[in-house]
Amino acid sequence: MEFNKFSKNVTQDASQPAAQAMLHAIGLDEDDFKKPFVGIASTGYEGNPCNMHLNELATSIKNSVSKAELVALIFNTIGVSDGISMGTSGMRYSLPSRDLIADSMETVVSAMSYDAMIAVVGCDKNMPGSVMAMLRLNRPSIMVYGGTIAPGCLNGKKLDVVSAFEAWGEKVSGKISENQFKQVIKNACPGPGACGGMYTANTMASAIEVLGLSLPYNSSNPAIDPKKINECKEIGHYIKNLIQKDIKPRDIVTKESLNNAIKLINVLGGSTNAVLHLLAIAKAAEIDLRINDFQKISDSTPFLADLKPSGKFLMEDLHNVGGVPAVVKLLIENGVINGDCLTVTGKTLKENVKNLPSLSPNQKVIRSFTNPIKRSGHIRILHGNIAAQGSVAKITGKEGLFFEGPAKVFNSEFEANEGIKNGFVKKGDVVVIRYEGPKGGPGMPEMLKPTSAIIGAGLGKEVALITDGRFSGGTHGFVVGHVSPEAQIGGVIALIEDGDLITIDAKLNEINLNVPNSELLIRRKKWIKPVSKVKSGILNKYLNSVSSASEGCVTDL
């Protein structure tokens with residue numbers, strides 16, 4: 001069997017002398033030309049703690065791949081820091097960056113005739129973007145997550161990046177002083193690694209580990225733990241095995257392994273962003289996955305993890321009691337997930353965890369099946385006249401299961417932030433933030449700033465929020481996002497007026513505007529589609545190509 005079936009097109013073809021000359025120029029010799037070429041795609045860059053250490057990890061992986069007698073070639077692609085761009089116009093670029101990352105990785109590996117790919121990733125969109133590229137390419141591939149950040153600490157209390165956002169809400173509501181606010185900011189993020197709770201980065205890393213595209217412990221090994229470097233040193237062995245056995249991403253990512261990932265997300269209380277990303281991953285794999293499949297799985301999967309944002313613990317705490325493999329082992333033993341799915345080790349999920357430790361005795365991070373936080377999952381897919389194509393809520397049970405109140409309407413996140421800051425949002429309100437969808441944003445920005453302000457102001461259980469935008473994995477409270485159809489294309493969310501009664505029912509999975517259809521028809525005739533916020537550039541390209549949130553916001557239509 002040929003192990004260099006793509007690279008041979010440039011290394012073994014006598015009619016490609018220029019290619020061979022250029023490969024000699026980078027230090028390769030004729031013996032190297034006979035080896036498989038492995039592209040190492042690093043999303044490392046200096047501007048974000050999630051990604052600041054990834055180029056070092058990529059170098060360690062390169063050494064491991066070279067020792068396995070393969071040709072290792074590092075290339076880079078972009079990233080957007082959600083935490084830094086949050087609450088600014090820069091957040092509009094976050095979700096589009098997922099598709100840029102996928103496109104760029106696919107482009108380099110295809111154009112350069114690489115036989116395999118290893119993606120080294122950190123922040124939220126890096127992970128689904130890299131997996132989408134792997135599935136499009138369908139060449140032996142492994143994802144390596146850079147790991148979670150260590151917790152910050154102030155006065156004996158653990159902090160993370162969401163602590164900083166919520167401190168702003170506490171400050172503007174007068175609950176803490178300017179000095180207390182600054183102390184939280186200075187101590188929240190102590191070094192490299194992705195946001196510490198079960199936010200989007202750790203959600204996607206965990207989901208992709210159980211999906212089978214990363215090694216055991218990849219998602220829970222912290223960024224600064226020596227185990228992360230040791231993991232990188234093993235990658236050469238595993239990518240060589242995948243090449244020799246011709247195990248490709250579409251052999252690993254199946255409907256069953258996607259179901260496993262959705263179940264794990266519900267068990268861990270993961271981010272609603274996972275709905276968008278897994279829909280996009282399924283499309284890249286040409287697997288039929290629909291938004292309502294998430295509800296079916298959530299109905300039969302318990303929520304067990306007491307992790308932030310709704311719980312007490314951080315990803316580091318989960319690592320210390322056994323990590324994601326211990327959770328996977330528990331779920332296989334209890335028949336929740338299918339342990340027979342193939343993984344990048346060349347073994348099944350069940351074989352991977354068979355001899356690994358179970359969860360530590362008396363640990364408090366993962367509840368038992370007899371004492372769950374919630375007997376069904378926290379991911380709820382709500383339909384109704386506001387969301388005919390669906391919407392996504394994260395209902396842990398702590399917020400309650402029913403909310404009804406008058407609408408307080410804002411036509412942008414920035415308007416909402418000002419409204420919350422100036423006390424316009426009152427107990428009992430349903431905050432509506434619209435024109436922030438995939439086309440309206442454009443880019444479907446996250447709403448962590450307004451939701452954190454609501455929590456910080458002490459209104460987390462007193463106010464609901466709905467939006468055609470999306471939420472950070474750090475968001476908690478009674479919130480509903482991904483409302484489809486979005487306002488920009490005339491969805492019912494565009495017709496809501498201040499004072500309209502809105503009902504959100506997480507038992508019936510419904511979200512409705514209590515306004516007669518006759519009145520909505522009158523409003524629709526008066527509605528004028530807003531002019532797009534952008535006229536050129538990538539966001540203009542994005543809004544003209546992106547699908548709805550209910551379809552995963554994919555651009556390769």
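Quick caveat, the model's predicted, so the values are computed rather than measured.
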Roughly how far apart are [X] [atom1] and [Y] [atom2], rounded to 0.5 Å?
{"X": "Leu137", "Y": "Phe6", "atom1": "CG", "atom2": "CZ", "result": "8.5 Å"}
{"X": "Ile297", "Y": "Ile262", "atom1": "CD1", "atom2": "CD1", "result": "4.0 Å"}
{"X": "Thr555", "Y": "Asp99", "atom1": "OG1", "atom2": "CG", "result": "3.5 Å"}
{"X": "Phe313", "Y": "Lys158", "atom1": "CZ", "atom2": "NZ", "result": "8.0 Å"}
{"X": "Ile281", "Y": "Leu289", "atom1": "CD1", "atom2": "CG", "result": "10.0 Å"}
{"X": "Leu159", "Y": "Asn187", "atom1": "CG", "atom2": "CG", "result": "6.5 Å"}

Ignoring hydrogens and angles, state whether a donor on the side chain of [X] or [Y] is under 3.5 Å from an acceptor on the partner side chain.
{"X": "Thr203", "Y": "Ser271", "value": "no"}
{"X": "Asn126", "Y": "Asn51", "value": "yes"}
{"X": "Thr301", "Y": "Asn266", "value": "no"}
{"X": "Ser163", "Y": "Asp160", "value": "yes"}

Could you give me the CA-CA distance, side-chain angles and deciding distance for Ser130 and Tyr145, then say whether side chain to side chain contact (heavy atoms under 4.5 Å, CB included) is met? CA-CA 11 Å; Ser130 70; Tyr145 172 48; over 6 Å; no
Crowded around Ile78 CD1? As in, over 12 foreign heavy atoms under 6.0 Å?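 Count over threshold, so yes.
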Before giving the answer on side-chain hydrogen bond (donor to acceptor under 3.5 Å, both in side chains), spell out for Thr348 and Asp340 the whole-Å C-alpha distance, their side-chain angles and the decisive distance to 0.1 Å. CA-CA 5 Å; Thr348 65; Asp340 295 326; 5.2 Å; no
Measuring only between side-chain heavy atoms, which start at C-beta, is [X] closer than 4.5 Å to [Y]?
{"X": "Lys394", "Y": "Phe471", "value": "no"}
{"X": "Ser64", "Y": "Glu234", "value": "no"}
{"X": "Val131", "Y": "Leu213", "value": "yes"}
{"X": "Leu543", "Y": "Asn540", "value": "yes"}
{"X": "His319", "Y": "Asn221", "value": "yes"}
{"X": "Leu268", "Y": "Ser206", "value": "yes"}
{"X": "Leu73", "Y": "Val38", "value": "no"}
{"X": "Met22", "Y": "Ile26", "value": "no"}

Where the side chain of [X] meets the backbone of [Y], is there a donor-acceptor pair that is under 3.5 Å apart?
{"X": "Asn260", "Y": "Asn338", "answer": "yes"}
{"X": "Thr148", "Y": "Gly193", "answer": "no"}
{"X": "Thr43", "Y": "Val120", "answer": "yes"}
{"X": "Glu486", "Y": "Lys439", "answer": "yes"}
{"X": "Lys263", "Y": "Val336", "answer": "yes"}
{"X": "Gln363", "Y": "Ser360", "answer": "no"}
{"X": "Ser141", "Y": "Arg139", "answer": "yes"}
{"X": "Ser97", "Y": "Leu100", "answer": "no"}
{"X": "Asp468", "Y": "Glu436", "answer": "yes"}
{"X": "Ser214", "Y": "Asn218", "answer": "no"}

[X] bridged to [Y] by N-O distance under 4.0 Å:
{"X": "Lys312", "Y": "Asp317", "answer": "no"}
{"X": "Asp32", "Y": "Lys35", "answer": "yes"}
{"X": "Asp288", "Y": "Arg290", "answer": "yes"}
{"X": "Glu551", "Y": "Lys283", "answer": "no"}
{"X": "Lys228", "Y": "Glu231", "answer": "yes"}

Going through the distances and angles, do Ile239 and Val344 end up as a side chain to side chain contact (heavy atoms under 4.5 Å, CB included)? CA-CA 8 Å; Ile239 196 69; Val344 290; over 6 Å; no
Where do [X] and [Y] come nearest, in terms of heavy atoms and distance?
{"X": "Gly146", "Y": "Leu57", "result": "CA-CD1, 3.8 Å"}
{"X": "Ala284", "Y": "Met132", "result": "CB-O, 3.8 Å"}
{"X": "Cys195", "Y": "Cys50", "result": "N-SG, 4.4 Å"}
{"X": "Leu54", "Y": "Gly122", "result": "CD1-N, 3.5 Å"}
{"X": "Met86", "Y": "Ser472", "result": "CE-CB, 3.9 Å"}
{"X": "Tyr217", "Y": "Glu209", "result": "N-OE2, 3.1 Å"}

Any chance you could lay out the side chain to side chain contact (heavy atoms under 4.5 Å, CB included) test for Leu258 and Leu211, step after step, and finish with the verdict? CA-CA 6 Å; Leu258 282 165; Leu211 196 61; 3.9 Å; yes
Under the side chain to side chain contact (heavy atoms under 4.5 Å, CB included) criterion, do Leu278 and Phe294 qualify, and how do the steps go? CA-CA 10 Å; Leu278 289 175; Phe294 288 82; 3.9 Å; yes
Would you list the pairs meeting side chain to side chain donor-acceptor pair (under 3.5 Å) in which at least one residue belongs to residues 73-82, sequence neighbours left out?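 Passing the test, one end in residues 73-82: Asn48-Ser81, Asn55-Asn76, Thr77-Ser104, Asp82-Ser94, Asp82-Lys125.
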Is there any side chain to side chain donor-acceptor pair (under 3.5 Å) pair reaching into residues 108-118, and which pairs are they, with sequence neighbours excluded?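 Qualifying pairs: Ser7-Asp115.
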I need the single residue from Lys449, Arg92, Arg470 that forms a salt bridge (Lys or Arg N to Asp or Glu O under 4.0 Å) with Glu413. Which is it?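 With Glu413 as partner, salt bridge (Lys or Arg N to Asp or Glu O under 4.0 Å) holds for just one option, Arg92.
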According to the salt bridge (charged side-chain N to carboxylate O under 4.0 Å, His left out) rule, which pairs have a member within residues 3-21, sequence neighbours left out?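 Listed by first then second residue: Glu2-Lys8, Lys5-Asp246.
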Restricting to pairs with a member in residues 46-75, which pass salt bridge (charged side-chain N to carboxylate O under 4.0 Å, His left out), not counting sequence neighbours?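 Residue pairs passing salt bridge (charged side-chain N to carboxylate O under 4.0 Å, His left out), neighbours aside: none found.
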His378: ring-ring contact (aromatic ring centres under 6.0 Å, His included) partners, not counting sequence neighbours: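 Testing His378 for ring-ring contact (aromatic ring centres under 6.0 Å, His included), a comparison that skips the adjacent residues, returns Phe303.
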Tell me, please, which residues at least two apart from Phe33 pass ring-ring contact (aromatic ring centres under 6.0 Å, His included).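 With neighbours one apart ignored, the set is His24.
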Let me know which of Val324, Leu331, Leu349 forms a side-chain contact (heavy atoms from CB on, under 4.5 Å) with Val210.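 In the set Val324, Leu331, Leu349, the residue that makes a side-chain contact (heavy atoms from CB on, under 4.5 Å) with Val210 is Leu349.
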